[in-house]
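Numbers here simply count residues along the sequence, with the first being 1.
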Amino acid sequence: MATSNKLTDKRLKEIAALPTTYDDDIPEFSDSDLKGFAPAHPEYFNVTPIKKTISIKIDLDVLEALKAQGKGYQTRINSILRKAVFHK
């Protein structure tokens, strides 16, 4: 019988419920400790996404609401889409 390597919701909950243990190899860090951390290679964290010009149809009321918020409505549209797609 073949086994699946996919993480099910049940398995993710089991993993989340596992206790966290700290020792010399894995110390517990305070919030102030964590604020002092920096990426080992920060150049990889400041990548400017490539922008692509497209044409899409958006409901007029949605577009007007975004434009009414002022300059930068296209940036807001991109931000909304990014959050919806990547949950960020």
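Remark: Arg76 pairs with no residue by the salt bridge (Lys or Arg N to Asp or Glu O under 4.0 Å) rule, at least two apart or across chains.
The number of heavy atoms from other shown groups lying within 6.0 Å of CZ (Phe37) is above 12. Heavy atoms from other residues, nucleotides or ligands lying under 6.0 Å from CD1 of Ile26 number 12 at most. At most 12 heavy atoms of other shown residues, nucleotides or ligands fall within 6.0 angstrom of atom CG in Asp9.
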Between side-chain atoms of residues 53-66 and protein atoms elsewhere (two or more places apart, or another chain), which donor-acceptor pairs fall under 3.5 Å?
none

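Taking CD of Glu28 as the reference point, atom OG1 of Thr21 lies at 11.0 Å (rounded to 0.5 Å).
Closest heavy-atom contact between Tyr73 and Lys67: CZ-CE, 3.5 Å.
Between the side chains of Thr75 and Asn78, no donor-acceptor pair is found at a separation under 3.5 Å.
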